[in-house]
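First up is the structure itself, then whatever we jot down about it.
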Amino acid sequence: MFPEYDIIVVGAGHAGCEAAAAAAKMGSRVLLVTMNMGTIAQMSCNPAMGGIAKGQIIREIDALGGMSGIITDKTMIQFRMLNRSKGAAMWSPRAQSDRMRFAEEWRLTLENTHNVDFWQDIVKEILVENGKAVGIKTGIGLSIRSKAVILTNGTFLNGLIHIGEKQFQGGRTAEKSATGLTEQLITLGFEAGRMKTGTPPRVDGRSLNYHRMEEQPGDEKPGKFSFLDSTSPLEKQRSCYITYTNEKVHRLLEKGFDKSPMFNKRILGKGPRYCPSIEDKITRFAERERHQIFVEPEGWNTIEVYVNGFSSSLPEDVQYEALKAISGFEQVKMFRPGYAIEYDYFPAIQLYDTLETRLISNLYFAGQINGTTGYEEAACQGLMAGINAHRKINGLDKFVLSRSEAYIGVLIDDLITKVSDEPYRMFTSRAEFRILLRQDNADLRLTELGYQLGLADDQRIHQLRKKQACIHEVMEFLKTYKLEPSSINEKLTELNIAPLKERQIIYQLLKRPEITIELLASLNDSLGSYIETHHKETIEQAEIQAKYEMYIQKEKDLVEKSKRLENYHISNNFEYDHIKALSAEGREKLKKIRPSTLGQASKISGVSPADIAILMVYMGR
């Protein structure tokens with residue numbers, strides 16, 4: 001009934017979709033297996049993509065040739081660039097999405113991707129022969145063979161939903177959980193754990209009083225995620241709104257604590273630290289009189305609203321009463337309550353840096369199965385798993401991004417070297433080279449690599465070459481064009497900016513924090529005319545390079561130093577027990593994680609600088 005596929009992808013969430021699309025575009029025959037064809041790329045939680053550090057990941061996926069940025073651009077209803085008041089390394093794009101359109105666009109994209117087939121069924125077992133994954137067995141007993149398997153099961157592995165004292169099996173509301181796989185993987189020698197996440201109530205937007213809330217419109221000049229010209233910025237946007245909890249809300253919620261699965265220990269999994277439930281917030285931050293609630297529309301035409309910041313596993317009647325005490329929610333009608341969900345995951349220290357498992361060859365894990373949280377983190381893992389599965393079965397070298405090349409590299413390196421008992425979420429603070437890893441230069445960093453892989457097409461590489469040439473031209477202009485003090489000093493003085501004492505090139509002027517190209521262009525007609533002839537992104541890129549030149553160079557120097565450790569490769573069967581001088585903890589961690597380089601070893605918690613020095617001496621011999 002089935003041919004032998006090159007790759008089978010299990011699960012059609014954000015990780016599964018990117019994995020299937022990437023492997024197929026590179027030439028593999030892919031079977032995407034999902035329990036429900038109607039929920040491909042479902043946004044299970046908030047209807048948004050991007051945000052702090054997550055926006056950088058989406059732009060990196062796009063730069064490599066992945067699809068998340070394009071899908072987001074086609075289906076967003078609002079765009080905002082977060083952290084504009086901070087330095088460029090902190091700027092993070094975020095889009096509010098149309099939930100239904102997002103899922104539809106992903107499905108249509110996959111249906112129109114050559115080499116992708118679909119099968120609707122549950123996967124009960126991985127077929128393993130001689131320590132290698134060779135296919136799957138489905139719920140109705142079909143065996144389908146392949147050269148590699150990628151598991152992207154999300155929250156479905158033995159998923160258990162909690163609403164107050166009620167609990168029931170499920171991977172999402174109204175969808176059954178996946179059973180059997182965890183048990184098989186454990187018998188194969190894998191270590192499993194439990195994690196928890198949650199989601200807030202959905203409500204009827206017609207029942208809300210938006211006049212009692214703060215409007216949160218999109219950017220006046222909205223941007224987009226994809227570097228391709230085939231998508232366009234929004235011409236109209238939908239607003240989100242902000243309101244707050246209050247002491248009455250907190251008291252009403254506290255009345256249900258005795259029935260909370262979180263407080264009576266029925267939930268055993270650890271939840272995300274940076275996205276706590278509302279009951280967790282009012283307990284951990286008891287000194288706060290209120291907490292922000294973000295009121296987010298679910299699409300262009302739907303009346304459904306997502307109550308961001310009110311994730312809860314309390315009984316539905318407690319949730320409803322507390323919601324009605326929020327300003328603007330007095331007449332609220334609830335579509336469905338929030339709930340918590342527990343699910344199985346497999347600590348990612350059991351993986352290589354390609355996301356292939358150490359125990360079973362040609363078996364890859366991507367997404368929440370690795371202990372991460374968030375669509376963006378899942379999508380980039382799916383992309384990398386799809387790339388590496390394709391390359392391995394075709395006898396090609398692995399593709400790994402370093403911490404200095406991409407946030408994706410930071411994420412995967414963190415996952416496979418650091419033991420964590422809570423869902424992993426990406427932040428800009430996790431990247432030690434974040435000045436180099438900005439959202440604006442993801443294409444300059446990664447598109448060439450994507451083109452070499454066969455993911456980024458000719459159109460992308462042509463646009464990159466054009467952008468590079470334009471940036472070079474603008475940089476040369478900024479380094480040669482001088483401004484006369486008489487032409488701008490009067491206006492600078494009005495703005496309380498120190499005037500010029502002599503003619504100065506624009507490149508040096510931009511070193512001043514308070515001076516921007518936009519400001520100078522408004523003061524000098526010739527400069528203004530020149531700027532208008534160039535793309536906004538080109539000017540922005542040139543300005544960032546001028547302003548942060550010293551800091552960028554410092555980080556590049558640090559990268560070169562760190563690369564020295566990366567040049568020391570460690571074989572997978574390295575005998576750490578032979579080196580008696582290693583600390584006991586260091587030896588234990590090194591044996592468990594099996595780093596591929598000294599650079600990776602140096603980031604493992606419990607491996608000291610002295611351990612690294614000892615390894616360097618030993619390997620030098």
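Because the structure is predicted, anything quoted here is derived from the model rather than measured.
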Would you tell me whether [X] and [Y] have side-chain atoms, one donor and one acceptor, within less than 3.5 Å of each other?
X: Lys224; Y: Thr231; result: yes
X: Asp611; Y: Ser583; result: yes
X: Asn388; Y: Tyr364; result: no
X: Ser226; Y: Lys74; result: no
X: Glu60; Y: Gln56; result: no
X: Thr138; Y: Asp121; result: yes
X: Ser177; Y: Gln169; result: yes
X: Thr372; Y: Asn370; result: no
X: Glu376; Y: Ser68; result: no

**Item:** Qualifying residue, where the test is side chain to side chain donor-acceptor pair (under 3.5 Å) with Asp6 and the options are Lys147, His390, Arg29
**Value:**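 Only match with Asp6 under side chain to side chain donor-acceptor pair (under 3.5 Å): Lys147.
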
**Request:** Using a strict 4.0 Å threshold on nitrogen-to-oxygen distance, state whether Lys603 and Asp414 make a salt bridge.
**Result:**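 No, Lys603 and Asp414 are not salt-bridged.
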
**Prompt:** For the salt bridge (Lys or Arg N to Asp or Glu O under 4.0 Å) test, which of Glu111, Glu104, Glu105 pairs with Arg107?
**Reply:** Glu111

